[in-house]
2 protein chains.
Amino acid sequence: MDETPVYGGAKKRPSTITDVAAEAGVAIGTVSRYLNGFPIRRGNRDQIEAAIAKLSYRRNAVAAAMKTDLTHMIGLLVPSFDEFHAVMLEDLARSVRKTGRALLTYCHSNDRRIMGEALDFFATQRVDALIMDGAPEVRDRVETLLGQGMPIIFYNNDIQGVPADRVMVENRMATHRAVSHLIDLGHRRIAILTGDMHDSSARLRLEGYQAALAERGIAGNPEYVVDGDWKSENAYQATRQLLALAKPPTAIFASNYGMAIGVLGWMKDQHLSVPDDLSLISFDDVALFRLHEVGITAIAQPLARIADVMTSLLVSRLGDGAELPARTMMLDCDIILRGSTRRIAASAGS
Amino acid sequence: MDETPVYGGAKKRPSTITDVAAEAGVAIGTVSRYLNGFPIRRGNRDQIEAAIAKLSYRRNAVAAAMKTDLTHMIGLLVPSFDEFHAVMLEDLARSVRKTGRALLTYCHSNDRRIMGEALDFFATQRVDALIMDGAPEVRDRVETLLGQGMPIIFYNNDIQGVPADRVMVENRMATHRAVSHLIDLGHRRIAILTGDMHDSSARLRLEGYQAALAERGIAGNPEYVVDGDWKSENAYQATRQLLALAKPPTAIFASNYGMAIGVLGWMKDQHLSVPDDLSLISFDDVALFRLHEVGITAIAQPLARIADVMTSLLVSRLGDGAELPARTMMLDCDIILRGSTRRIAASAGS
DNA sequence: TTGTAAGCGTTATCAA
DNA sequence: TTGATAACGCTTACAA
């Protein structure tokens, strides 16, 4: 069967360790040891290197993985490759690459069915570890994977009580600071566009907002708390409604950058000015906000650090730290002050 | 050896097809046939399904891949996850996912050494196919992979003469059209910021620019052709120099969006206006250009179509089209007219 | 329709 | 240090 002639002039199948061993005149065990960095007699080493070059041999990681149970692939499950995830991915890919691994990416588009498929896919592919935005819908599958020894890291959103590692940012504190800043600037009528309240990050950001107001003795106004569901379009409409109130807010806190863009869109369409007619702060900083005419004040997640921390968590988990208890890493966010927030007269904000 | 007790309460290792067969009281061949959709006797099927559920069994794709030589992974090699690639990746991930595969992503940061590592990594991982931005530096490795039967798709930039599939956009024609549009608006002094001339896309865009000028009898001015190397910072400096010329250009064509941003940066810093002081067209359309105050006229690559075409090319290659000759798919670009290009008096532009 | 067993390309064990 | 060989978990003839 192996006699089937190969047409097209090219040797089809990649060569194997057996080919290399034959070419070099040594046993396959010797080649394997060479490949894995064990000591080899000088002469044999040269033979093997020559054979590898001649055959353009590349180790078959699939076969190796079967023995070692190590695929050198990290599963990454993200909702989409929006600006936020793209930057995170960039940093993560780089930092994972340095450990000799690569990312197997799956994008679930916020479809819970696809999230399940993704988890199955990763289980099937036997990725060495998994990084994902925690979503309560797939708790069972996640627990199964953890039970089978798959290291999992949650970021962004949590699934409470699951014994996995976590890399989170100080959502509550950062929002608290941002809203306090608005208060310092004289704002009293401050609205928030919240994310999807199923997500822990949305809840924590709302808590930070409420705490900041309460601390300064500002009564919360339910009209100022709008469910934006993370979406730009909702934020666009919400801005319209907020500004139509009898007492419109003088400032809006957008719980993510997409909703901040929705706010900007409405303001632009109405020929209203940020910050003259409305101050705006966004959770998440994106390139657009830096390049925007006045600049948008934003909470910047430390994306590069998130990536690094994830990677070192992974390395420790995949090294000798497999049995350590789950760890949660909390990272601070910076508030980048730009032109979208302005001081207003105390009277105007009451 | 298998007797080693497992601590921690959880069954560590994932279960295997053998476990399922034992649990269900059938042979492993039967389980395998069930998994692969072959007909199974009703009773056995129920037994197997129950066993799979009980053991939360997931097929080990690593072992399967060893037999079938199919990993269901597509390698994707990109320079970075900038805005352009992020959107492409989003579409590609979705469209690849529908075929039951996922993307193994590697980011080379324009480092030729890392590009080589990436190709080795993909070879080692035995991805089913590879999508990459063509770069002449790795021609040898690419040819080796092709010789071993790995389907490869180039996008964006070509490696001439290599028998791979290609998905390209009409760089030349789109640039020609864009520049012609500037001429139609009365511009005569039109500058171009070129990309890195090692890249075929940069060369073709320059050709389109030159052809458009020549066709309208406008003499090319070498001072107006600036090597921007795709980089924002270079474009920033180049804009300064161009506008300092005795006869400064009235319009700039930026060969990619990064350089267009550099131009905008300089204009903003100098309190100069686009389009009043300078018209601007960018190759590549990004979210920023839509949201920009006046809007930036841009050439939009059909990213979703690129992703679809790549995927169908892949599917055909991995199906029965393995022996087909290499195909090149050329896609048209749209020119999105926005506010950054304005009509000028014919006299002003001469 | 099912059971049995060979084999995919490695790694790892064991003698030599 | 090396060679020979038994796994790893699956697919796929082949025989029943």
Side-chain angles (χ1 to χ4, degrees), chain A residues 1-4 11-48 51-52 55-73 123-128 148-149, chain B residues 1-4 12-48 51-52 55-72 123-128 148-149:
Chain A
M1 296 186 183
D2 281 315
E3 311 288 355
T4 322
K11 55 172 186 306
K12 266 298 186 195
R13 297 271 305 263
S15 42
T16 72
I17 198 173
T18 314
D19 302 330
V20 174
E23 176 74 28
V26 299
I28 60 169
T30 307
V31 179
S32 175
R33 281 189 295 270
Y34 166 80
L35 292 172
N36 292 291
F38 292 102
I40 290 289
R41 194 185 311 159
R42 178 62 184 274
N44 283 340
R45 157 189 282 273
D46 296 341
Q47 294 291 313
I48 291 172
I52 287 177
L55 301 172
S56 21
Y57 166 78
R58 295 287 177 272
R59 166 211 262 113
N60 182 336
V62 173
M66 188 146 113
K67 280 298 291 185
T68 60
D69 253 331
L70 249 31
T71 57
H72 302 285
M73 294 184 306
T124 289
Q125 291 292 340
R126 300 294 197 267
V127 293
D128 292 343
Q148 292 170 347
Chain B
M1 297 185 183
D2 281 315
E3 312 288 356
T4 321
K12 265 298 183 189
R13 298 272 305 263
S15 42
T16 73
I17 197 174
T18 314
D19 302 330
V20 173
E23 176 74 29
V26 299
I28 61 168
T30 308
V31 179
S32 175
R33 282 188 294 270
Y34 165 81
L35 292 172
N36 291 292
F38 292 102
I40 290 290
R41 193 186 310 161
R42 179 60 185 275
N44 284 340
R45 157 188 283 273
D46 296 341
Q47 294 292 312
I48 292 172
I52 287 177
L55 302 171
S56 19
Y57 167 78
R58 294 288 177 273
R59 168 212 261 110
N60 182 336
V62 172
M66 189 144 114
K67 281 298 290 184
T68 59
D69 252 330
L70 249 31
T71 57
H72 301 286
T124 289
Q125 291 293 339
R126 300 293 196 267
V127 293
D128 291 343
Q148 292 170 346

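Keep in mind that the numbers below use all heavy atoms, side chains included, and drop hydrogens, waters and symmetry copies. Each chain gets a letter, A, B and so on, in the order its sequence line appears, and its residues count up from 1.
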Looking at [X], does any N or O in its side chain come under 4.0 Å of the phosphate oxygens OP1/OP2 on [N]?
X	N	result
B:T18	D:dG9	no
A:R42	D:dT1	no
B:T30	C:dT2	no
A:Y34	C:dT10	no
B:N36	D:dT11	yes
A:R59	C:dT11	yes
B:T68	D:dT11	no

For this session: For A:V62, answer base if it contacts any base atom (sugar-phosphate contacts may also be present), sugar-phosphate if it contacts only those atoms, and nothing otherwise; contact means non-hydrogen atoms under 4.0 Å.
Result: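 No contact.
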With respect to the side chain of [X], which nucleotide from [options] is positioned closest?
X	options	answer
B:K67	C:dT11, C:dT2, C:dA6	C:dA6
B:S32	C:dT2, C:dT11, D:dT12	D:dT12
B:A27	C:dG3, D:dG3, C:dT11	C:dG3

For this session: Go through the N and O atoms of the side chain of B:R33 and the base of C:dG3, and report whether any donor-acceptor pair is under 3.5 Å.
Result: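 Check passes, donor-acceptor contact within cut-off.
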For this session: Kindly indicate, with the supporting measurements, whether the criterion side chain to side chain contact (heavy atoms under 4.5 Å, CB included) is fulfilled by B:V20 and B:L55.
Result: CA-CA 7 Å; B:V20 173; B:L55 302 171; 4.1 Å; yes
Exercise. Which atom pair, heavy atoms only, marks the closest approach of A:V62 to B:R126?
Worked result: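 Smallest heavy-atom distance, with atoms named: CG2-CB, 4.1 Å.
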